[in-house]
Chemist: 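First the structure, which I've put down as structure tokens, then a few questions once you've had a look.
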Amino acid sequence: METESEPYVRLASLRQLHQVMADMNTARSLADTLQTVADGVVTALGYELACVNLVRADGDLVVAAFAGNPAAEALITGRVGSRPSWDRRLSMGEQWGDLVFIPHTEGWVLDDDDVPQWYTDGPAPRFEDEWHPSDRLFAPMYAPGAQGGPRGELLGVLSVDRPRNGRRPGAWGREALQMYAFQAAIAISNARLRANMQRALVRLEREQQALRASEESFRQAFEYAPSGMAIAEMGGDQHGRILRTNDALCRLLGRPASAMRRYSFSDLVHPEDIGTLLRTSAEGGRAELRLGRRDGTYVWVSLRNSVVADTADGPRFLLTHVEDIEERKRRELQLAHRASHDSLTGLPNSAELRSRLAARLCRRPQTAHPALDAYDSHDTAEAAHGHPAAFDANGHGFDFRPAPDGFDAYDHHVHTVAPEEERDDGAKGLAVLFCDLDGFKSINDRFGHNAGDAVLIEVARRLSNGVRDGDTVARLGGDEFVILADGLGRADAQDLAVRLRNEIIQPIRAEGRAVRVGASFGIGWAHCGMTADEVLKSADERMYVEKRSRPKQHRRAG
């Protein structure tokens, strides 16, 4: 580099400096940029040694690049100097603009600090501006600030040594070094930005690869799942509309994927299960219901919902897992049927009969409320004060007094009241026909239990065929049957008993022979206030009255 006393700078030197700055901004990596900065000090600024000290994330400075002396480069590259030691150096000596020059007369106090440095030997200066081997010159590099604003944070420090002309830099040399440090800071900042962008791009690419792998994994899991899967819209006018289904769901419902996209689950669900579907939470809800197949039949399924988002702020979709539970439901229904039906005849058993009968007999709920306690406890004195109690023919009473305010004693139940005992006034009620077979024991004794079972099965069939849809025929036990027939008057109930008796007395094929049994019927009437056992007992008693009233020879034919 030319000295300051010369009136001009050689054009070749300017071109060389320009080329170095261009190289700094075209380096491919941060490491290449740092080394180019160090090399440029030696090749373009006329110093024999240059070191780039870069600020680390923890604030300390590390020797990131070195130029001019391979031995010194191997000695100090990668070593770290603490930030306090560097702050001390940058606050000492002479301030040449942004440069810091510490002459050998002051620098001896820095010989023992922890900043990495090299030592060069040489003679003592012979004149005032001659460079001494222990002189130090630092060029701090600051991040570019806003236009016209203060400089940014410290990025690093350029250390230079041994000017080739042996003199301390003059005004032009100082300006050149300061401008070079400014341009180096820009190049380092850009290199860091590029490095960060490259890392971000690599990370983004990895995330995208992971996302693509995840999407492919989801697609395969969705498409090839052994049970049904569907994706539906969430929110908006098209909420619940099916967007996508897998093969398993299409096979289960017998519908192609193109047709499934025209429906929502509410379009496919059994009408009786709409309420179950609506009560199911969209987020994590689960329900067991029936879905319609293409052939018009229904299949029991378990629906399990979960919510998935397309992107962080994108639309949400409903992922529904559809599991075929038809076989399990069939087993459950079979078990429930076995628990409530007679294994021989298939008719409702005693427990199911009492359950159905009790469902028709409303009773005031038990409560500790004093108003209802007082309401429940009535006597003759209360009846005499305008609160009459009614009684049926069997002496069972029920109170017509109004319930206390705020209480509905029967909870909107349709009350069951028996027709009048002695006359047919057109009133309808719940008739309970108690049927006991006549002559059945002799068939068991003479022909065996297989014949007896055949008789019971045939009697059950004839009774079931002889009543209306909605009536109940149950086997109470042994050779006793009960019929519940709602909405009958007394004449209707008597006619029904006669018709059923005439059906039963027809010959029955059992064990290869024709046998006959008779039947005795007792007709009881159910009304609210009675228990199921009370109703059955009443019908049973009337059956025995009817049985004893007929001559023995008329109780069965043949």
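Keep in mind the model is a prediction, meaning the values are calculated, not measured.
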Chemist: Partners of D135 by salt bridge (charged side-chain N to carboxylate O under 4.0 Å, His left out), sequence neighbours excluded?
Modeler: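 Only R168 meet the salt bridge (charged side-chain N to carboxylate O under 4.0 Å, His left out) criterion with D135.
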
Chemist: Indicate the atoms forming the closest heavy-atom contact of S29 with A191, along with that distance.
Modeler: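 Smallest interatomic distance, heavy atoms only, reads O-CB, 4.5 Å.
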
Chemist: Excluding sequence neighbours, so at least two apart, what forms salt bridge (charged side-chain N to carboxylate O under 4.0 Å, His left out) with D112?
Modeler: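 Scan of D112 (salt bridge (charged side-chain N to carboxylate O under 4.0 Å, His left out), adjacent residues dropped) gives none.
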
Chemist: Excluding sequence neighbours, so at least two apart, what forms salt bridge (charged side-chain N to carboxylate O under 4.0 Å, His left out) with R212?
Modeler: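 Once residues adjacent in sequence are excluded, the partners of R212 under the salt bridge (charged side-chain N to carboxylate O under 4.0 Å, His left out) criterion are E205.
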
Chemist: Checking R164 now: which residues fulfil side chain to side chain contact (heavy atoms under 4.5 Å, CB included) with it, not counting sequence neighbours?
Modeler: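 Here the qualifying residues are V42, E48.
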
Chemist: Tell me every residue that passes salt bridge (charged side-chain N to carboxylate O under 4.0 Å, His left out) with D324, counting only those two or more places apart in sequence or in another chain.
Modeler: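 With sequence neighbours excluded, D324 shows a salt bridge (charged side-chain N to carboxylate O under 4.0 Å, His left out) to no residue whatsoever.
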
Chemist: Quick check on E327: does its CD atom have over 12 non-hydrogen neighbours (other residues, nucleotides or ligands) under 6.0 Å away?
Modeler: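 Yes, enclosed.
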
Chemist: Is it the case that D39 and T36 place a side-chain donor and acceptor less than 3.5 Å from each other?
Modeler: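 No pair is found: no donor N or O on one side chain lies under 3.5 Å from an acceptor on the other.
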
Chemist: Can you list everything that forms a side-chain hydrogen bond (donor to acceptor under 3.5 Å, both in side chains) with E94? Sequence neighbours excluded, please.
Modeler: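 Partners of E94 under the side-chain hydrogen bond (donor to acceptor under 3.5 Å, both in side chains) test: W96.
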
Chemist: How would you list all residue pairs meeting ring-ring contact (aromatic ring centres under 6.0 Å, His included) that involve residues 42-71, not counting sequence neighbours?
Modeler: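 Those involving residues 42-71 are F66-W118.
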
Chemist: Only counting residues at least two apart or in another chain, list the ones meeting side-chain hydrogen bond (donor to acceptor under 3.5 Å, both in side chains) with R199.
Modeler: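 Partners of R199 under the side-chain hydrogen bond (donor to acceptor under 3.5 Å, both in side chains) test: N196.
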
Chemist: Identify whether the distance between the nearest side-chain nitrogen and carboxylate oxygen of E332 and K329 falls below 4.0 Å.
Modeler: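 Yes, this pair counts.
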
Chemist: Run the numbers on L54 and L34 for side-chain contact (heavy atoms from CB on, under 4.5 Å), then give the verdict.
Modeler: CA-CA 9 Å; L54 191 65; L34 295 172; 3.8 Å; yes

Chemist: Compare every heavy atom of F101 with every heavy atom of P103, then report the nearest pair and how far apart it is.
Modeler: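 Heavy atoms only, the tightest pair is CD-O, 3.6 Å.
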
Chemist: Show me the donor-acceptor pairs within less than 3.5 Å that the side chains of residues 247-258 make with the rest of the protein, sequence neighbours left out.
Modeler:
{"from": "R255", "atom 1": "NE", "to": "G292", "atom 2": "O", "distance (Å)": "3.4"}
{"from": "R255", "atom 1": "NH2", "to": "G292", "atom 2": "O", "distance (Å)": "3.2"}
{"from": "R255", "atom 1": "NH2", "to": "R293", "atom 2": "O", "distance (Å)": "3.2"}

Chemist: Do the side chains of R328 and E288 get close enough for a salt bridge, i.e. N-O under 4.0 angstrom?
Modeler: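 A salt bridge is present here (some side-chain N lies under 4.0 Å from a carboxylate O).
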
Chemist: Side chain to side chain contact (heavy atoms under 4.5 Å, CB included) with P348: which residues, sequence neighbours excluded?
Modeler: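 With sequence neighbours excluded, P348 shows a side chain to side chain contact (heavy atoms under 4.5 Å, CB included) to H341, E352, R356, T472, A474, given in chain and number order.
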
Chemist: Only pairs at least two apart or in different chains count here, so list each salt bridge (Lys or Arg N to Asp or Glu O under 4.0 Å) that has a residue in residues 73-90.
Modeler: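 Counting only pairs at least two positions apart or across chains, the salt bridge (Lys or Arg N to Asp or Glu O under 4.0 Å) contacts touching residues 73-90 are R83-D87, R89-D113.
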
Chemist: By the side chain to side chain donor-acceptor pair (under 3.5 Å) test, which pairs, at least two apart or in different chains, include something from residues 223-235?
Modeler: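 Non-adjacent pairs meeting side chain to side chain donor-acceptor pair (under 3.5 Å): E223-R244, S227-H321, E233-R241.
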
